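Accompanying notes for the structure given below.
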Amino acid sequence: MSELTPQLRERIENTIRFMSVDAVARANSGHVGAAMGLARAAFELWDAHLRFDPNDVRWPLRDRFVLSNGHASMLQYSLLRLYGVLDQADIESFRNLGSRTPGHPEYGETPGIEVTTGPLGQGFAHAVGMALAGRLARSRFGQLGSDDLLGPGEHFVYGIVGDGDLMEGISSEAGSLAGHLGLGNLIFLYDDNLVTIDGPTSLSFSEDVPARFEAQRWHVETIDGDDHEGLAGALARAREEAERPSMIVTKTLVGKGSDAIAGQAKAHGWSMKPEDVRAAKEAVGWPIEPELHVPEDVAVYFADRLAQIAQARSEADTRHEAWRRANPERALAWDAARERKLPANLGALLSEGMAGVDNPTRSHSATVIAKLAEHVPYMVGGSADLAGSGAPPIVKGAGIIGPEAGEGIDPFAGKNIHFGVREHAMAAVTNGIGLDGTFLPYSGTFLIFSDYMRPAIRLAALMKARSIFVFTHDSIYVGEDGPTHQPVEQLDGLRAIPGLTVFRPADGIETAMAYAWILEKAEGPCAFSLTRQKVPAIERDGAFDSYDVWRGGYTVSECEGAPRVVLLASGSELSLACEAASTLNGDGVPTRVVSVPCQELFAEQPDEYQFGLVPDDDTLVVAVEAAHAQSFRRWVGRRGIVYGMESFGASGPHAEVGEHFGFTPEALLARIRATL
Ligand SMILES: Cc1ncc(C[n+]2csc(CCOP(=O)(O)OP(=O)(O)O)c2C)c(N)n1
């Protein structure tokens, strides 16, 4: 077994530094500064503290590691290379098309990457979600107070944040929530290197970061990033802190190891000249060639470590098996959650009692969520202070997560998360909960505030995270609150995110079947657009099968003979379309109504199906949606009509606002007749 002498430690750190330098030089792009400055702290963390298994990177009981300053991706890739998760070819192809080492860490692209980072602040907030999931898992399934048994949720979530992360607003929201919830399993290192891209942090960042985190109820320590023993002590104390997250302020030197860039903003990007690289390597006796060099003694050290880790893993497995034997029911429930087991008849179960009920679709959603709480026990979620508006609601009897759970009640035993008015962090935390792998998360607010969540929703789509975003108050029909609260462009904005499936159901059946699809079929995030106002239950042709909703578009009412007009509508405008169609049919203008609760699913249907519903001839196609709605163009064509919103809304009683913007059968009919 090779001994980790100070000399060997330094050689390992230099391996990380020069692997980062060489990889960035080869790619002619990337960031070296933070990777060089953090080499010592990151190696100490991975070597002596992080519980993980390079041969099984998805091991559910592993500690998580999140590099929130994702621009320092080469730091993580170098470590993954040394532990044998990545190979030399991966590092050689850093930032190349199709490689497993993209510019910023991407979940699903690189083994060992827990979350996509790069947009600053996101990794930190996602890590808060992972830590919350860990606490929820420990509370529900774990085994406390026994060293012989290893159950779920006994791991830690470690991470690194930089100045940029902490400047971003989302880190304040997420840090505040983590402190409030008392996530003692969350431990971050703050790479306090006094530099961002434009120059010293003094240009724009002068707050007292330790005081900020202390005020947010974190345990805070400050250490020298060169002092690995100091870091080890701080990490040990952080793990002891059961009820507060920890921030270890780590003083580092950006670009450490190269006099040409050390301590300077130009340690960002790629500014080292070949002679700078040569000088840096020569200064520590590093071979100039080959690039991406891993010295023999370093390789031997990691081979030894892998053997030790395999031994530790097998001991952990023994303790985990003992937990399974001692807790067979919990083990089954935990497995069922991780396998996303569902009742066989979910569609029927959720649709039961939903037909013929006039209600706002947010209320239909609330009914479904209450059913899901019973039948899909691994769902957890909440809203950004709008639970009372059903956005989404509190599940009654399921307990509140956090210090307000109640006297003597485990704060993590509940299912309802009060995210507070922190939409951006809410979306990231939602993703983080799901990424942990045990719970299926949902969260929501008014549709207008999805704008506050968009960067994290986009990441959910990029990662194919199965987050469910429940947005209500989805149009000008919000009424009196006025244009600041009336979404117009948000719905199409969400539809424009690749991989996000957006449902705008028209009534109870569509709402229930949308949830059923999301649970049974979704492979990525989904969003709901739900009404505040009551909408009538839709009367459909006899041929209707509730699974038609899963086609994203289906005929609600057929006309006699070939249609002269086809009306497409979603959500609250479907009943309006039905009314207009009935007048047109009465006037001898054959009109078909097609409900489109989900454009993404409709667009995936075979051409014959789509053309069968929406002919590509001189039939007049009209899409009706109280929103921007131009996403319907692909079915409407240039000669058809997108009957949507072309301005902001207005404040007033919702029926009057609807009328003002032409969402009445009369106004719609006038427009159609004029066009015909
Ligand atoms: C949301 C967001 N804004 C801007 C950027 C571009 N960017 C990448 S790194 C960086 C500076 C980060 O500074 P710091 O966190 O101190 O990193 P370090 O200097 O330690 O490498 C910026 C602005 C980004 N990645 N994400």
Side-chain angles (χ1 to χ4, degrees), residues 16-17 20-21 23-24 27 29-42 66-78 95 102-107 113 115-127 159-175 188-207 209 212-213 224-226 247-258 260-272 423-425 427-428 431 451-460 462:
I16 295 170
R17 286 193 187 100
S20 302
V21 167
V24 171
S29 78
H31 298 253
V32 289
M36 295 171 85
L38 281 164
R40 168 152 293 194
V66 173
L67 186 74
S68 194
N69 48 342
H71 59 279
S73 54
M74 265 315 298
L75 174 68
Q76 196 166 359
Y77 296 154
S78 301
R95 287 186 165 239
H104 295 85
E106 288 182 43
Y107 176 80
I113 298 297
V115 54
T116 297
T117 59
L120 293 169
Q122 295 292 343
F124 179 69
H126 280 71
I160 302 179
V161 271
D163 298 299
D165 289 296
L166 297 189
M167 289 181 188
E168 291 291 351
I170 189 173
S171 70
S172 291
E173 296 179 20
F188 259 90
L189 270 58
Y190 162 37
D191 181 28
D192 186 6
N193 63 19
L194 302 175
V195 161
T196 62
I197 292 184
D198 277 358
T201 48
S202 57
L203 287 172
S204 57
F205 194 48
S206 46
E207 72 207 35
V209 171
R212 163 180 154 187
F213 278 91
D224 177 347
D226 272 345
M247 182 60 75
I248 302 173
V249 178
T250 309
K251 304 274 184 195
T252 64
L253 178 66
V254 71
K256 184 182 166 76
S258 163
I261 59 168
Q264 304 169 55
K266 68 176 180 184
H268 271 283
W270 182 234
S271 63
M272 284 176 81
E423 291 85 2
H424 197 178
N431 297 344
D451 282 348
Y452 280 52
M453 303 163 65
R454 194 173 170 84
I457 297 175
R458 184 173 192 274
L459 280 187
L462 192 55

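Note that the structure is a prediction, hence the values are computed from the model and not measured. Heavy atoms only: backbone and side chains are in, while hydrogens, waters and symmetry mates are out. Counting begins at 1 with the first residue of the sequence. Whatever order the structure lists ligands and atoms in, that order sets their numbers, starting from 1.
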Salt bridge Lys251-Asp192, side-chain N to carboxylate O under 4.0 Å: yes
Any protein N/O atoms within less than 3.5 Å of an N/O atom in ligand 1? List the atom names and distances, or say none.
from: ligand 1; atom 1: 15 (O); to: Asp163; atom 2: N; distance (Å): 3.2
from: ligand 1; atom 1: 15 (O); to: Gly164; atom 2: N; distance (Å): 2.7
from: ligand 1; atom 1: 16 (O); to: Asp163; atom 2: OD2; distance (Å): 3.1
from: ligand 1; atom 1: 16 (O); to: Val195; atom 2: O; distance (Å): 2.7
from: ligand 1; atom 1: 17 (O); to: His71; atom 2: NE2; distance (Å): 3.1
from: ligand 1; atom 1: 19 (O); to: Val195; atom 2: O; distance (Å): 2.8
from: ligand 1; atom 1: 19 (O); to: His268; atom 2: NE2; distance (Å): 2.5
from: ligand 1; atom 1: 20 (O); to: Asn193; atom 2: OD1; distance (Å): 3.4
from: ligand 1; atom 1: 20 (O); to: Asn193; atom 2: ND2; distance (Å): 2.6
from: ligand 1; atom 1: 21 (O); to: His71; atom 2: NE2; distance (Å): 2.7
from: ligand 1; atom 1: 21 (O); to: His268; atom 2: NE2; distance (Å): 3.2
from: ligand 1; atom 1: 25 (N); to: Gly118; atom 2: O; distance (Å): 2.8
from: ligand 1; atom 1: 26 (N); to: Leu120; atom 2: N; distance (Å): 3.0

Considering only heavy atoms from C-beta outward, does the side chain of Met272 approach that of Ile261 to under 4.5 Å? yes
Assess, by modelled atom type and distance only, whether the side chains of Asp163 and Tyr190 contain a donor and an acceptor separated by less than 3.5 Å. yes
Which label fits His31 and His104: parallel for a plane angle under 30°, tilted from 30 to 60°, or perpendicular past 60°? tilted
Going by side-chain contact (heavy atoms from CB on, under 4.5 Å), name the residues that satisfy it together with Pro102, two or more places apart in sequence or in a different chain. Tyr77, Glu106, Glu109, Thr110
Is there a side-chain contact between Gln122 and Ser68, using heavy atoms and a 4.5 Å cut-off? no
